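Note that the structure is predicted; figures quoted are calculated from it, not measured.
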Amino acid sequence: MPVMTLRCRQCLSVLVLAVSILRLAAGAPAADQVLRPVSARFAAEDVQETPSFQRHVVNLFGRLGCNGRSCHGSFQGQGGFQLSLFGYDFKADHAALLAQDKPRIDAAHPAESPILTKPTDADMHEGGQRYEKNSWQYRLLLRWIQSGAKLAESPDQLTRLEVMPAEIRFRKQGEQVQLKAVAVWQDGTREDVTPLCRFQTNDEAVAKIDEAGRVTAGEPGDTHIVVSYDKGVQPVPVLQPVSELTDARYPRVPTPTKIDERVVDKLRKLGIVPSEACDDAEFLRRVSLDMTGTLPTPRDVELFLADKSPNKRARKIDALLETPAYAAWWTTRLCDFTGNNDDQLVNATPVRGQASRQWYDWIYKRVAENTPYDELAAGIVTAVSRQPNEDYFDYCREMSELSRQEAKKSYADRPAMTHYWARRDFRDPDARAIAFAYSFMGTRIECAQCHKHPFDQWSKDDFRQFKNFFTGVVAVERRVSPGAQKQYAELLQQLGLKDSRGNDLQRELPKLLEAGKTVPFSEVFVARAAAGRGGRNAPPGAATAKLLGGDVVDLAQHADPRQIVMQWLRDKDNRYFAPAFVNRVWANYFHTGIVNPPDDLSLANPPSNKALLDYLAQGFIASGFDMKWLHRQIANSRTYQAGWEPNETNKHDERNFSRAIPRRLPAEVLYDAIQQATASDEQLTRLQQDIRGRAIAIPGPGPRNNRAGGAAYALSVFGRSTRASNCDCDRSAEASLLQTVYLQNDRDILQLTDVRQGGWLDQVAKQLRSQKPAPAVPAADAARELQGHRKQIESVRTRLAQLKDSGTPEAAQRLEKRLALLQKEIERLANKPAAVPVPVAAATADLEPVIRQAFLRTVSRHPTDEELKKSVSYIEQARDPVAGLRDILWALLNTKEFIVNH
């Protein structure tokens, strides 16, 4: 770079001074000056300033609510007049005001313009009076009309929106603070735009804000005020301490990690003291379930409690990260985010149900090997079916070999996972852009598909330009690339399927595949590159695309525009890619994200702790996108290891991570936990080491993935992700009556808690030398069981009537099936002969160890002395020890302590 001489610097100083003098002479403010608000500049009747349509008129419409959903911004408009929802479609809005059939502007008689006469007359205007005649709003619009009602040829670029104060710290309820918003434009203009802003609060209980930008403190806590103007959206943190323990009065709290430092920095402002650290048993159960979706075994618990080394928690975290269950559970979570659903993969492979398994296996291999997250994502984002120098025959031969039941190769070994692009709901470019933003950016951009995003900076044009990266680029239909059409036809002819089409072809291919034949496979390919290989020109499509908040890209210069998107995601300044993954992982461990909901990274939904999110995102990037680094950072923190029992200062805190929030186990984890708790020691060891048959390893929610007995019904009841839309809400953690019914009386639970071959109770029965239960049920027990089933039927019938009234047929059908099973069970019990139980004695010394085992298997701790005493007493009064222990096990499975992680 050339060195600037002293003379050059002097010339530059003179030039800057000259420009400043010219700006002042022309009436423009200096760079550090701020234009007064329009409420002051247009207050006088003789005002001569010409307002800007973009900077003033459109934003005034937004402030007055004219372009809102309930007014002229609705899709139907109001009174024959329609504005773009939330503004920013300047050409459309300007055209609507000047429409010849029903103009809202009278250029010859400006004061008679409908946009002035109607909003000032409450009787004439359906929306009521919006402003008064001769007010500053009235004069601003009048001056714009008098000046020719012009629209600039190109939009002005807002550089940033500054809001003062940047943070509000209230001391008591009722205090008030006035916000000031300054728009900074690309031309250097700075203007106080407070009267033109829209204000909203994210929690009215903590802070309210009026139309003028005056914030009033509510109850103690924290939230954000969101200020919107033009494309700018600026959140302002609002805090009010919940106690007097703030700043210098805050007690000493251990902060052994960088995470803890940032969490406590926020808690100190709020006067919230974190809970004490959890005990070892609680930690082990929590981290095992969160990290691996798996209960610790009784032996795991006892060894961990007996270990007195100071670093045993860190060592346990490292050990869990090397287990197959860790890879399985986090593969399931990544399949949630990326949308692995067999119902959307009908024609991705010749064999139905195979694509979702290949999708799962491909991700599992990379999670198990700790492949950097950006490389894992790139293998999906930029995926194509054929590798360089691989012709269509070679591709089909390879895919045929690895698609057979006894395949020696695995789809997971291929460098790219193409099924993401082969989904049926992925054909439309708009759908691709929306789903892509959800999967890899953790944000919802679908609002900008039709109008200015109400909670972010994106306009309809931003969405259109972003989707161009996926328009005319990736072909995902059931077909092959242009250059492979001849080979495809030859392959069909060799198989004797030359004239087969559609379903006829689809029925034959799996048979031929298992017979060892090479069959044709669909391709995911880049249309531009494929057209080049086939000797054709690139297909028609958008000439340019634009990254969200980034640069315009000439698509003609890139064979695969997705490569540009992937480079952008990897950039250290990208505010989506790394933060989205970090936030989702954090939410898994804490039940709530730093940004919550975790799939809504937007300017109007800011992080509860920005410093914390920034630290983790930057550290994740610096680590080389090391997923295990992230898990270690979180799990080793004092914040994660805090207890769930609240103190006086944090009993209402659910967003600042001052304590563990008890949360129901995810569906797959809960189902597996029931299986583990009731399995024999031998089975339990296998379930720990082998993920086959585990619910956390079921590839997708489609019917072909739900053949594991009652798993499908149970997983549905407990809210497994349906992966039906681009929303984390596809997975439910809500409680329901069906869940209670399942845990108490479902046939699966009754069988698992019975003395079945290979079950734990069978193992205990042999240990106690107790006879196995007689083939007939004792009369008293049969009567109790019949009574329980009848009560359950009444409950199910009541719920069934409610569901039918509410119009939810799928849930009603499931309950009807459940009702039929209960009725059959009643018939079986009613017809079964009674038997006289044979009491089996067992010493208290024999009972205590198995009771401890029951507690260790379910709630991962030893029973208290009182729990042990009551359990022994109950079993001694039972018809036999095994029957009594069965009741104890059933009761433990139905405790909140079992079904929640705490």
Sequence neighbours excluded, the answer for side-chain hydrogen bond (donor to acceptor under 3.5 Å, both in side chains) partners of Thr544 is none
Go through the structure and list residues passing side-chain hydrogen bond (donor to acceptor under 3.5 Å, both in side chains) with Ser147, not counting sequence neighbours.
Thr50, Arg143
Quick one: do Asp456 and Arg575 make a salt bridge, cutoff under 4.0 Å?
yes
Sequence neighbours excluded, the answer for side-chain contact (heavy atoms from CB on, under 4.5 Å) partners of Lys460 is none
Output every pair passing side chain to side chain donor-acceptor pair (under 3.5 Å) with a member in residues 173-186, not counting sequence neighbours, ordered by first then second residue.
Gln176-Thr216
Non-neighbouring partners of Asn134 that pass side-chain hydrogen bond (donor to acceptor under 3.5 Å, both in side chains), sequence neighbours left out
none
Salt bridge between Arg55 and Asp230, side-chain N to carboxylate O under 4.0 Å?
no
For Ala377, what residues pass the side-chain contact (heavy atoms from CB on, under 4.5 Å) criterion, not counting sequence neighbours?
Phe440, Met566, Phe577
Hey, does Gln457 have a side-chain heavy atom less than 4.5 Å from the side chain of Leu158?
no
Which residues share a side-chain contact (heavy atoms from CB on, under 4.5 Å) with Pro454, sequence neighbours left out:
Arg69, Phe86, Cys447, His451
Within a 6.0 Å radius of atom CG on Asp551, are there more than 12 heavy atoms belonging to other residues, nucleotides or ligands?
no
Considering residues at least two apart in sequence or located in another chain, which fulfil the salt bridge (charged side-chain N to carboxylate O under 4.0 Å, His left out) criterion with Lys467?
Asp430
With sequence neighbours excluded, residues passing salt bridge (charged side-chain N to carboxylate O under 4.0 Å, His left out) with Asp730
none
Please state whether the rings of Phe436 and Phe466 are parallel, tilted or perpendicular, taking 30° and 60° as the class boundaries.
tilted
Set of salt bridge (charged side-chain N to carboxylate O under 4.0 Å, His left out) partners for Asp425, sequence neighbours left out
Arg423
Residues which pass side-chain contact (heavy atoms from CB on, under 4.5 Å) with Val163, listed by chain and number, not counting sequence neighbours
Leu161, Leu179, Ala181, Val227, Gln234, Val236
Restricting to side-chain hydrogen bond (donor to acceptor under 3.5 Å, both in side chains), what partner residues turn up for Asn605, sequence neighbours left out?
none
Would you call Lys269 and Asp222 a salt bridge, taking side-chain N to carboxylate O under 4.0 Å as the test?
no
